[in-house]
*Asks:* 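Below you'll find the structure I mean.
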Amino acid sequence: MTSSWTGQVSSLFADARYVSPASSTQIDGLEAEFQVKIPEELRSLLSETDGVLANYSTPMIWSIQEITSQNRELRTEPTYPELYMPFTPLLFFGDDGSGNLFGYRVLAGIIRNLDVFEWDHETDSRSCYAYGLRGYFKRRSSGVGLISATEKL
């Protein structure tokens, strides 16, 4: 089994592209901005590459700048409270290229588990998509079924 995130993602997506790693200071800034501790798996991935493009250049994992920008906009856009349920219970980190977003659930300022949720932009529904980033990447590569908590890449 490949231990690096880029190795794992590349084993699932032949067209995966990466950028320079994010610094600890950048990751700490993200945590401070949204007052939430980033899960170790996302911290580790961002420390290896500040973003992942794959599957026809889909932004599977946004850069820290994009994570900050997208989450800030979702929380502060004045018209969104009239259109959508609140976004503060989610910290989004990527999308599918068609408007649906993926992120962790945040409860009382804590990401309590590694469930990855999908927000459907057309229905405003939020549903559990996969367990952890490994499950997220695996499901994105196959497009089938939920990944169980015990399943590995």
Side-chain angles (χ1 to χ4, degrees), residues 1-77 87-121 126-153:
M1 181 171 151
T2 307
S3 61
S4 72
W5 280 107
T6 56
Q8 290 176 48
V9 174
S10 291
S11 74
L12 295 169
F13 301 96
D15 67 341
R17 294 193 334 255
Y18 312 99
V19 296
S20 299
S23 69
S24 294
T25 303
Q26 290 173 302
I27 297 169
D28 293 344
L30 176 64
E31 290 179 331
E33 169 91 17
F34 298 104
Q35 299 178 359
V36 64
K37 181 154 177 51
I38 303 300
E40 185 53 40
E41 65 176 11
L42 184 58
R43 179 177 279 278
S44 173
L45 184 145
L46 292 170
S47 295
E48 195 174 319
T49 178
D50 189 16
V52 175
L53 297 171
N55 200 22
Y56 305 99
S57 297
T58 302
M60 297 218 175
I61 302 291
W62 296 326
S63 68
I64 287 180
Q65 179 180 352
E66 189 70 11
I67 292 171
T68 301
S69 171
Q70 291 285 344
N71 283 279
R72 187 183 296 142
E73 178 183 339
L74 290 166
R75 287 165 170 76
T76 61
E77 170 56 45
F87 290 107
T88 52
L90 293 164
L91 181 71
F92 294 107
F93 58 72
D95 67 77
D96 67 2
S98 71
N100 294 345
L101 307 180
F102 297 92
Y104 295 108
R105 181 175 56 164
V106 179
L107 298 171
I110 300 169
I111 295 172
R112 297 187 186 274
N113 59 40
L114 299 179
D115 291 339
V116 173
F117 280 76
E118 178 180 21
W119 172 65
D120 184 307
H121 73 287
R126 294 111 195 268
S127 56
C128 189
Y129 182 81
Y131 179 77
L133 289 179
R134 285 181 176 84
Y136 167 74
F137 284 121
K138 189 165 185 178
R139 183 158 183 217
R140 294 289 306 271
S141 73
S142 67
V144 294
L146 290 174
I147 306 301
S148 72
T150 58
E151 193 169 347
K152 305 283 185 200
L153 274 177

*Asks:* Which pair of non-hydrogen atoms, one from H121 and one from N100, has the smallest distance, and what is that distance?
*Replies:* ND1-OD1, 2.7 Å
*Asks:* Let's go through Q8 and F137 carefully: what are the C-alpha distance in whole Å and the side-chain angles of both, what is the deciding distance for side chain to side chain contact (heavy atoms under 4.5 Å, CB included) to 0.1 Å, and is it a yes or a no?
*Replies:* CA-CA 9 Å; Q8 290 176 48; F137 284 121; over 6 Å; no
*Asks:* Once rounded to the nearest 0.5 Å, what's the spacing between atom CG of D28 and atom CD of E33?
*Replies:*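 The CD atom of E33 is 13.5 Å from CG of D28, to the nearest 0.5 Å.
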*Asks:* Heavy atoms, side chains only, cut-off 4.5 Å: are V106 and P89 in contact?
*Replies:*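 Of all side-chain heavy-atom pairs linking P89 with V106, none is under 4.5 Å.
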*Asks:* Going from CG on D95 to CH2 on W62, what distance comes out if it is rounded to the nearest 0.5 angstrom?
*Replies:* 5.5 Å
*Asks:* Could you grab the distance from atom CD1 of I67 to atom CG of D50, nearest 0.5 Å is fine?
*Replies:* 7.5 Å
*Asks:* Assess whether atom CD of Q65 is packed by more than 12 heavy atoms of other residues, nucleotides or ligands within 6.0 Å.
*Replies:* no
*Asks:* For Q26 and S23, indicate whether the former's side chain and the latter's backbone hold a donor-acceptor pair under 3.5 Å.
*Replies:* yes
*Asks:* Run L133 and I61 through side chain to side chain contact (heavy atoms under 4.5 Å, CB included) and show every step you take.
*Replies:* CA-CA 10 Å; L133 289 179; I61 302 291; 4.1 Å; yes
*Asks:* When rounded to the nearest 0.5 angstrom, what distance separates CG in D120 from CG in D96?
*Replies:* 8.5 Å
*Asks:* Within the side chain of R105, is there an N or O that forms a donor-acceptor pair under 3.5 Å with the backbone of D115?
*Replies:*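 No; judged by distance alone, with no hydrogens or angles, the pair does not exist.
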*Asks:* Grab the two heavy atoms, one from R75 and one from T88, that are nearest each other, plus how far apart they are.
*Replies:*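 Answer, listing the atom of R75 first, then T88: NH2-O, 3.6 Å.
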*Asks:* One pair to check against side chain to side chain contact (heavy atoms under 4.5 Å, CB included): L74 and L90. What are the steps and the verdict?
*Replies:* CA-CA 10 Å; L74 290 166; L90 293 164; over 6 Å; no
*Asks:* Under 3.5 Å, is there a donor-acceptor pair between the side chain of E48 and the main chain of T6?
*Replies:*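 Here the side-chain-to-backbone pair exists.
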*Asks:* What heavy-atom pair brings S57 and D15 nearest, and what distance separates the two atoms?
*Replies:* N-OD2, 4.0 Å
*Asks:* I need the K37 NZ to I110 CD1 distance, nearest 0.5 Å.
*Replies:* 11.5 Å
*Asks:* Looking at every non-hydrogen atom in both residues, tell me the closest pair between F117 and R126 and how far apart they are.
*Replies:*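 For F117 versus R126, the nearest heavy atoms are CD2-C, 4.3 Å.
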*Asks:* Ignoring hydrogens, what is the shortest heavy-atom contact between A130 and G135? Give both atom names and the distance.
*Replies:* CB-C, 3.5 Å
*Asks:* Among F93, Y136, W119, find the residue that satisfies the ring pair (Phe, Tyr, Trp, His ring centres under 6.0 Å) test when tested with F102.
*Replies:* Y136
*Asks:* Taking the basic N atoms (NZ, or NE/NH1/NH2) and the acidic carboxylate oxygens, is any pair closer than 4.0 Å for R43 and E31?
*Replies:* yes
*Asks:* Do the side chain of T49 and the main chain of P21 share a donor and acceptor less than 3.5 angstrom apart?
*Replies:* no
*Asks:* Give a yes or no on whether the backbone of F92 and the side-chain of N71 come within a donor-acceptor separation of less than 3.5 Å.
*Replies:*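 Yes, N71 side chain to F92 backbone: donor-acceptor pair under 3.5 Å.
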*Asks:* Please evaluate residues Y18 and V52 with respect to the criterion side chain to side chain contact (heavy atoms under 4.5 Å, CB included), reporting the C-alpha separation (whole Å), side-chain torsions for both, the decisive distance (0.1 Å), and the verdict.
*Replies:* CA-CA 5 Å; Y18 312 99; V52 175; 4.1 Å; yes
*Asks:* Which value, rounded to the nearest 0.5 Å, describes the distance between L30 atom CG and I38 atom CD1?
*Replies:*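 It comes to 4.0 Å.
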*Asks:* Are a donor atom and an acceptor atom from the side chains of E41 and Y104 found within less than 3.5 Å of each other?
*Replies:*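 Y104 and E41 do have a side-chain donor-acceptor pair below 3.5 Å.
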*Asks:* Heavy atoms only: give me the nearest L46-G51 pair and the separation to one decimal.
*Replies:*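 So the two residues come closest at CD2-N, 4.4 Å.
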*Asks:* Within the 3.5 Å criterion, strictly below it, is a donor on S44 or W5 matched to an acceptor on the partner's side chain?
*Replies:* yes
